[in-house]
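In what follows, chains carry the letters A, B, and so on, assigned in the order in which the sequence lines appear, proteins first and then strands, with residues in each chain numbered from 1.
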Number of protein chains: 2
Amino acid sequence: MTAPSFRNWQSVQDEVLRRIHAREWKPGDLIPNEADLAIEFGCARTTVNRALRSLAQNGLLDRKRRAGTRVAAQPVAKATLDIAIIRNDITDRGQKYGYQLLQSRTIVPPPAISGAMKTGAGQPLLHVMALHLADDAPYALENRWINTAVVPQALDVKFDTSSPNEWLLQNVPYTNGEIAFSAKMASRDEADVLACLSQSALFKMDRLTWDNGQSVTKVQILFAPGYQMRTEL
Amino acid sequence: MTAPSFRNWQSVQDEVLRRIHAREWKPGDLIPNEADLAIEFGCARTTVNRALRSLAQNGLLDRKRRAGTRVAAQPVAKATLDIAIIRNDITDRGQKYGYQLLQSRTIVPPPAISGAMKTGAGQPLLHVMALHLADDAPYALENRWINTAVVPQALDVKFDTSSPNEWLLQNVPYTNGEIAFSAKMASRDEADVLACLSQSALFKMDRLTWDNGQSVTKVQILFAPGYQMRTEL
DNA sequence: CATGCTAATATGTATGCACATAACATCATT
DNA sequence: AATGATGTTATGTGCATACATATTAGCATG
């Protein structure tokens, strides 16, 4: 039997994938170590390492030092979502983007919000509500709080032509954050703004971002009925 | 000024991240090339490459051959969601997992479904409905179609103690698929099963998986009100 | 002026080697 | 038998080097 010779890490990855799909290596199985695979594939161990590392990152393999590499018993599907700027989301689909500022003012927020943001209780936040439109139809309602202590420049920005969504993403750095997705029944006001029936089921995204331990902003985005967030596996 | 010397790719990555956050390198800026950075950091180009490659994968840098590396103008936040097996989702939170089969039968599906699955029109599918419970409360309703042409073994499985969700993930390989998330108003039947009010807003996940061009399964999972899908940024 | 060839350049990747590190196995000690 | 020291092993990473490849700039040619 001639060694087929897999010279680059992509083809090594493909071959490993093939064996997993063909169930030559079953979930839970320990696969040969890098050195052996390198010999079998006729390439350097580095190359095998690169291929396996990549597969591990995608959740198809579990790797542990000394213990070896095994096929993930329960392939946790990792879906990568691209949380784009809403404007791009819309224009990428060939629709016309529209924007409308609903409200912008500085307030001392109710405890629930400053609690989530872990700001001081009396800390004033900038509160902005805006509507994103696709082909003139309401698309998403942005409800945002900005920590003025961290982002004082925000106070000088009139969010009347472009959304806080865009401005913050382009002007304010952050180190980490969290996102949560859920479903919410439309309140009367929300239904009004989004031009849908009250009690409609809306897709909701909550996002909290931080910069070196200081909370930057909290946003809730409510999408008009029919919105879908999609991704490949 | 002494060169701080960043010896491993993680610390190089951290330093690059720091510069991005500190806006020493602003969005859209072209950053020094790998060779120069390697000299500055006192490490090999390979190490810089590893760091930058990783950052590019996370969407913070845009890299092009010959054109160089620049800070992403619009940092598309990439959120990676771990779509776990529902049982794990529940037990990981320290709750008791429960399962209940509602229905299982072979049917010729309505055109809408076979259309989405791109199976032959008259192709019979196995249809299974099941309920997942957390601490005895309804948690999610699984509504699944399985392509019996591709997965004939499924016909022999009684899904009375463990869900198709688990069985398929552990027994049937797939090459690719797609996931969509959305919100849906609970129908009367759905509300009944999930023990919630009719018209509640439910978080919905639709998933379609393929194996080498053949559709394997299509599933719709409706989560009981209150469900949140979370992830770090 | 348009077009196409060519050279320069930055990233992409393969390789052999070395050493670091985690985790397990084994054996000795108590 | 429990505990701890020690060695072994597989992955993790760094480095120097070489070559591959995409893309751009510049030049030459029609």
Can you find a side chain N or O atom of B:Thr69 that sits less than 4.0 Å from OP1 or OP2 on C:dA10?
no

Between CG of A:Asn33 and P of D:dT9 the distance, given in whole Å, is 11 Å

Q. Do B:Ser54 and B:Gln13 have side-chain atoms, one donor and one acceptor, less than 3.5 Å apart?
A. yes

What residues 44-52 of chain B contributes to the DNA chain D interface at heavy-atom separation below 4.0 Å is B:Ala44, B:Arg45, B:Thr46, B:Thr47, B:Arg50

Rounded to whole Å, CG of A:Leu37 lies from C1' of D:dA10 at a distance of 12 Å

Taken to the nearest 0.5 Å, the spacing of B:Arg66 CZ from B:Asn33 CG works out to 11.0 Å

- prompt: In terms of side-chain geometry, is the basic nitrogen of A:Asp62 or A:Lys64 positioned less than 4.0 Å from the acidic oxygen of its partner?
  reply: no

Quick note, B:Arg65 side chain, CB onward, closest among C:dT11, D:dC15, C:dT15 is C:dT11

In whole angstroms, the gap separating P of C:dG12 from CZ of B:Arg53 amounts to 8 Å

Rounded to whole Å, CD of B:Glu34 lies from C1' of D:dT17 at a distance of 15 Å

I'd like to know if the side chain of A:Asn8 pairs up with that of A:Ser11 as donor and acceptor (distance under 3.5 Å, no hydrogens or angles considered).
yes

Result for side chain to side chain donor-acceptor pair (under 3.5 Å) between B:Lys96 and one of B:Asp135, B:Thr91, B:Asp136 points to B:Asp136

For this session: Mark yes when over 12 heavy atoms from residues, nucleotides or ligands other than A:Arg7 sit less than 6.0 Å from its CZ; otherwise mark no.
Result: no

* C:dA8 base / B:Arg66 side chain donor-acceptor hit below 3.5 Å -> yes

When rounded to whole Å, the CG to C1' distance for the pair B:Asp36 and C:dT9 reads 12 Å

- Message: Strictly below 4.0 Å: does B:Arg63 bring a side-chain N or O up to OP1 or OP2 of C:dG12?
- Response: yes

Taken to the nearest whole Å, CG/B:Leu30 to C1'/C:dT11 is 12 Å

Any salt bridge linking B:Arg87 with B:Glu166? Criterion: basic side-chain nitrogen under 4.0 Å from a carboxylate oxygen. yes

Separation of C:dA20 atom C1' from B:Arg7 atom CZ, nearest Å, is 13 Å

Rounded to whole Å, CG of B:Leu61 lies from C1' of C:dA10 at a distance of 14 Å

